[in-house]
Number of protein chains: 2
Amino acid sequence: MKKKITLKQIARELDVSISTVSKALSGSKEISEDTTQKIQAFAKLYNYKPNNIALSLKNRKTKTIGILIPEIVHHFFSTVIRGIEKVANRRGYNVIVGLSNESFTKEIINMELLANGSIDGFILSISKETLLKQDYHHFNATISQGIPIVMFDRVVNEVACDKVIVDDFNGALKAVNKLIENGCKNIALLTTMDYVSVGRLRTQGYLKALENHKIFANSDLILKIDDSLNVENHIEILETEIHNFLKINPTIDGIFAVNELYAVTAMKVARKLGYKIPDDIQVIGFTDGVLSKHATPSLTTVSQHGEKIGEQSANLLIDRLEANDIENDKYFIEDDSKADYIKMVIETEIIERESTK
Amino acid sequence: MKKKITLKQIARELDVSISTVSKALSGSKEISEDTTQKIQAFAKLYNYKPNNIALSLKNRKTKTIGILIPEIVHHFFSTVIRGIEKVANRRGYNVIVGLSNESFTKEIINMELLANGSIDGFILSISKETLLKQDYHHFNATISQGIPIVMFDRVVNEVACDKVIVDDFNGALKAVNKLIENGCKNIALLTTMDYVSVGRLRTQGYLKALENHKIFANSDLILKIDDSLNVENHIEILETEIHNFLKINPTIDGIFAVNELYAVTAMKVARKLGYKIPDDIQVIGFTDGVLSKHATPSLTTVSQHGEKIGEQSANLLIDRLEANDIENDKYFIEDDSKADYIKMVIETEIIERESTK
DNA sequence: TTGTAGGCGTTATCAT
DNA sequence: ATGATAACGCCTACAA
């Protein structure tokens, strides 16, 4: 077992001082050609690499980003992580992942754990429970400790930080526009409860599209599904709800769903009821995941560009981290209260597949 | 901006020594009731929390686990992460994620980066490129540095470490048995190239099931799909390949696929060709992900219990880390060469859905 | 009961 | 050209 070698050990072996070794390895020209060579050769032989933890302590920065998301077995979130990891890696950062599991408490615990020196900044998406409680003190607390946060997707005005969001409103608008232009007269909306802002925005986009086309918004055609309890037989309940909904509203000829699961389930139920897709009913979902791509028929969706969201979030965070560096080097600290934060909006894109004409 | 407070600052404010503060906070009874109270109150007021990095440096352990996987936008891998994170958190560990993106080089870079003090041990699944190259020196190098590794799913005999694997052979065996018992006479196998061991094992299970039932294994009924290049129009190619395959072999009445994508695609293609599922062709896939659950018809699959794999991996790793602690405390180091490593096999389970009778 | 000193691994500053 | 020292934040054996 060859434990990693340290400067101290190299110094002892070569009978020089620690600082000589450090300088030689960093190529300082304070050190003579000879000793530099000798030390570098020795270091390479023993595969010396500086210890990250020691560097973190010394530099007071860890070069790692904390990601805090509600759920990881989830196409959108994992795509975002991939985007974050990509630019983080490119820019010399590591990524540490915490899962809130949609729980307020776990979000706080994770946050406090990581905030104690483990990370330089956070990229996060707020848990449902936190959104329900509307208690954001932990975010503000870590920001006021000097740890920057970038929020994505599930963001909130009450916290002053950079944000990257999907253009939910326009995405929904475009989707419903498309259904209208394709000839749909009675367009249903499948959505979630309102406390998750993205659901609300998508609903607004739906309503706006109808309004623009002077179509009366019939509240009977809006089905709000409560997914706050992730119960075991979730899918059966979902199917039943949609089934009843379609039975009661036989005039529906278009469906816009705020996520792909609702959309795919709606297609499934509709087909069981004898509807042809897209001939009798056209369907568009939000979120472009595996389900959309491989459903039969494949689903037309509003793509959120999760990877781009991750990349932008990482860039925003790292930009701010490195801007802070410079400020600190200048020995003055900007008054944070007037720092202006960026809200970046990622445009959506409609991916046309077989569920629309 | 209230930066996090340190022991030193508390000491200065309260006009005591750093060690007094440290002891008072850890509840040592060396310190008088009075000062302990005073210090603890002050610390609580300023929300003192010890700095993780400093602790890591001092204790020479980081309490974080490095996860290294080929891909994160992937149901199986993200499920495993969820399992790891769950027990890691429970046992006081954090989780840092690196993605190899199926690349040998990125796997090495990530590994070396994290091995320089950032983590106490690895949980990983080998990248395809590494499996192709059969170059495992980086794994052995980090192990010989005293950093334990637990491999899952894509494992390899050449590396001496704990392993957690799916019972691919028996999973495939059970699946094909089921097809046979359901009356299938000509069962096709949709598999990958052989270098990923799991593909090979599943193929062997398929062959064994046939053999057990004295069915001649017709190599025409085995389609090996090369997914080493993840090209853009991957799906179209896949569909075409399977389409041609089914056309050439019209007697096929059962399909076993080594992943759910192949299975779902096969169902799609078969239906386009006019087959009824499960009446004309029955289909079973490996991996129980979203696709299986929501496909039409829903897919019977072999579930790999990814979350359990993650949990077991984390437990194995942490057990070993904490066993090492004890050894070190005893001032003797076990001879690693005769350490016996555990290979844990997670049984699969067949989830019956609509694609089989 | 409290404080001092040393060390975890590194780098930077200031001697020699 | 090389080395000693201090510091990052914490803990702890040992002094006082």
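Chain identifiers are assigned alphabetically (A, B, ...) following the order of the sequence lines, protein sequences preceding nucleic acid strands; residue numbering begins at 1 within each chain.
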Have a look at Leu57(A) and say if it touches a base, only the backbone sugar-phosphate, or nothing, with a 4.0 Å heavy-atom cut-off. base

Mapping Ser19(B) and Arg60(B) to their closest nucleotides on DNA chain C, which lands nearer the 5' end? Ser19(B)

Is there a donor N/O on one and an acceptor N/O on the other, under 3.5 Å, for the side chain of Ser22(A) and the base of dT11(C)? no

Does atom NZ (Lys4(A)) have a neighbourhood of more than 12 heavy atoms from anything else shown, all under 6.0 Å? yes

dC8(C) phosphate, OP1 or OP2, under 4.0 Å from Thr6(A) side-chain N/O: no

Separation of atom CG in Asn51(B) from atom C1' in dC8(C), rounded to whole Å: 13 Å

Take the protein atom CD1 of Ile39(B) and the nucleotide atom C1' of dG3(C), then report the distance between them rounded to whole Å. 12 Å

Between Asn59(A) and Glu30(A), whichever has its closest DNA chain C nucleotide further toward 5' is Asn59(A)

Taking atom types as modelled, find out whether Glu112(B) and His138(B) have a side-chain donor-acceptor pair closer than 3.5 angstrom. no

When we call it a touch if two heavy atoms are under 4.0 Å apart, what does Leu7(A) touch: a base, just sugar-phosphate, or nothing? base

Distance alone, cut at 3.5 Å: any donor-acceptor contact between the side chains of Glu307(A) and Thr79(A)? no

OH (Tyr46(B)) with more than 12 external heavy atoms under 6.0 Å: no

If we count only N and O atoms by modelled type, under 3.5 Å, do the side chains of Asp153(B) and Ser125(B) hold a donor and an acceptor together? no

If you look at every strand shown and take non-hydrogen atoms under 4.0 Å, does Lys4(B) touch a base, only sugar-phosphate, or nothing? nothing

Measure CD1/Ile5(A) against P/dC8(C) and give the value in whole Å, please. 14 Å

What about Lys23(B): does its side chain form a donor-acceptor pair under 3.5 Å with the base of dG3(C)? yes

Return yes if a side-chain donor-acceptor contact under 3.5 Å exists between Ser28(B) and Ser26(B), otherwise no. no

Quickly work out the Asn116(B) CG to dG9(C) C1' distance and round it to whole Å. 12 Å

Across the strands shown, which category fits Ser32(A) at heavy-atom distances under 4.0 angstrom: base, sugar-phosphate, nothing? sugar-phosphate

Could you tell me from which nucleotide to which nucleotide of DNA chain D, 5' to 3', there is an atom under 4.0 Å from chain A heavy atoms? dA1(D) to dG9(D)

Would you kindly say whether Arg82(A) and Asn101(B) are connected by a side-chain donor-acceptor distance under 3.5 Å? no

Touch check for Ile31(B), heavy atoms < 4.0 angstrom, all strands: base, sugar-phosphate only, or nothing? base

The answer to which of Thr35(A) and Ile18(B) contacts DNA chain D further toward the 5' end, by nearest nucleotide, is Thr35(A)

Does atom NZ of Lys106(A) have more than 12 heavy-atom neighbours, drawn from other residues, nucleotides or ligands, at distances under 6.0 Å? yes

Computed from five pairs at either end and rounded to 10 degrees, the angle between the axes of the helix from dT1(C)-dA16(D) to dT16(C)-dA1(D) is 70°

For Lys8(A), answer base if it contacts any base atom (sugar-phosphate contacts may also be present), sugar-phosphate if it contacts only those atoms, and nothing otherwise; contact means non-hydrogen atoms under 4.0 Å. sugar-phosphate

Side chains of Ser103(B) and Ser100(B): is there a donor and an acceptor less than 3.5 Å apart? no

Taking atom types as modelled, find out whether Ser118(A) and Asn52(B) have a side-chain donor-acceptor pair closer than 3.5 angstrom. yes

Starting at CG of Leu25(A) and ending at P of dT11(C), how long is that distance when rounded to a whole Å? 8 Å

